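Treat the numbers as computed from the prediction; the structure is a model and nothing was measured.
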Amino acid sequence: MAVSFDLFGTLVAADRPDDPASAVAAELRERDVAVPDDWAEAYREPHIDAPEGAEVPLMAHVSAALASSGVDAPGNAARRAVVSAFDPEVETREGALEAVEAASERGPVAVLSNCAVPQLARKALVRSDLDRERFDAIVTSVACGWRKPDARAFETCADRLGVPVSELVHVGDDPRTDGAVADCGGTAVLLSDVPLTEFPDWLEGRR
């Protein structure tokens with residue numbers, strides 16, 4: 001058996017911009033990018049025709065949104081703006097350390113997170129009280145290309161942990177995304193049913 005944990009809303013609480021479009025625009029201006037007047041609308045619209053279930057990296061979306069208004073972001077300005085706009089304060093959720101510890105005593109452990117911002121998940125882990133060495137894999141949608149609930153996200157995580165999806169227990173807070181592991185043969189543990197503080201006992205009951 002292997003265990004994967006959702007990150008944001010499950011293991012950690014992290015703040016995010018109230019208005020992501022405005023936050024990204026401010027960072028773009030800091031890098032001398034001419035933000036178009038219709039930026040808020042352009043940011044909300046899709047600009048990349050991605051397959052269903054695929055993750056579109058936010059910096060690619062931002063570059064495409066700028067291009068739709070005839071603006072070119074030089075170099076890696078879009079990437080740097082996105083990374084700076086999403087620079088969260090992080091709080092480790094109650095029971096997270098004990099839940100990860102209990103899982104690591106049973107088998108390999110991963111983080112499986114929907115996250116369109118590069119390095120954000122790793123940054124959040126560094127700022128948390130969690131020990132990154134406890135995780136055998138850190139799988140993000142921006143890195144693997146697929147977002148939960150797509151089965152390929154869970155399959156990638158299971159593959160990284162060296163188990164079939166049928167042996168993957170995924171812990172998360174969102175029934176739609178995290179609960180979808182059950183659709184591909186894994187086991188979903190939702191925080192609404194098993195709070196993080198009770199997860200070690202839940203694991204013990206599966207011995």
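Side chain of Asp15 to backbone of Glu89: a donor-acceptor contact under 3.5 angstrom is found. A donor-acceptor contact shorter than 3.5 Å links the side chain of Ser141 to the backbone of Cys115. Remark: the backbone N or O of Glu155 is not paired with any side-chain donor or acceptor of Asp159 at under 3.5 angstrom. The closest donor-acceptor contact from the side chain of Asn114 to the backbone of Arg147 lies at 3.5 Å or more, if one exists at all. Arg127 places a side-chain N or O within donor-acceptor distance of the main-chain N or O of Pro88, the cut-off being under 3.5 Å. Side chain of Ser63 to backbone of Ala60: no donor-acceptor contact under 3.5 angstrom is found.
Ionic pairing of Arg80 and Glu27 is not present here: no N-O contact between side-chain nitrogen and carboxylate oxygen is shorter than 4.0 angstrom. With respect to the salt-bridge test (charged N to carboxylate O, under 4.0 angstrom), the residues Lys148 and Asp6 qualify. A salt bridge is absent between Asp136 and Arg160: the closest approach of a Lys/Arg side-chain nitrogen to an acidic carboxylate oxygen does not fall below 4.0 angstrom.
A 4.5 Å side-chain heavy-atom check between Val117 and Arg16 finds every atom pair outside the cut-off. With a 4.5 Å cut-off on side-chain heavy atoms, Tyr43 and Ser22 do not count as touching. Leu28 is listed as a side-chain neighbour of Leu66, based on a closest heavy-atom distance under 4.5 Å. Annotation: side chain of Trp202 is in contact with side chain of Val169 (closest heavy-atom distance under 4.5 Å). Residues Pro74 and Val33 form a side-chain contact, since some pair of their non-hydrogen atoms from C-beta on lies under 4.5 Å apart. At least one side-chain heavy atom of Ile138 sits less than 4.5 Å from a side-chain heavy atom of Arg132.
Heavy atoms from other residues, nucleotides or ligands lying under 6.0 Å from CD of Glu91 number 12 at most. Enclosure of atom CD in Glu94 is not indicated, since only 12 or fewer non-hydrogen atoms of other residues, nucleotides or ligands lie within 6.0 angstrom.
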CA sep, side-chain torsions, deciding dist, call: Glu101, Asp131, side chain to side chain contact (heavy atoms under 4.5 Å, CB included):
CA-CA 9 Å; Glu101 173 71 20; Asp131 181 0; over 6 Å; no
Can you check side chain to side chain contact (heavy atoms under 4.5 Å, CB included) on Val181 and Leu112, steps first, answer last?
CA-CA 11 Å; Val181 69; Leu112 176 57; over 6 Å; no
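With sequence neighbours excluded, no residue forms a ring-ring contact (aromatic ring centres under 6.0 Å, His included) with Trp146. Contacts of Phe154 classified as ring-ring contact (aromatic ring centres under 6.0 Å, His included), with partners at least two apart in sequence or in another chain: His170.
Ring geometry, His47 versus His61: the interplanar angle falls from 30° to 60°, so the pair is classed tilted.
Remark: Arg122 CZ to Leu7 CG distance equals 11.5 Å, nearest 0.5 Å.
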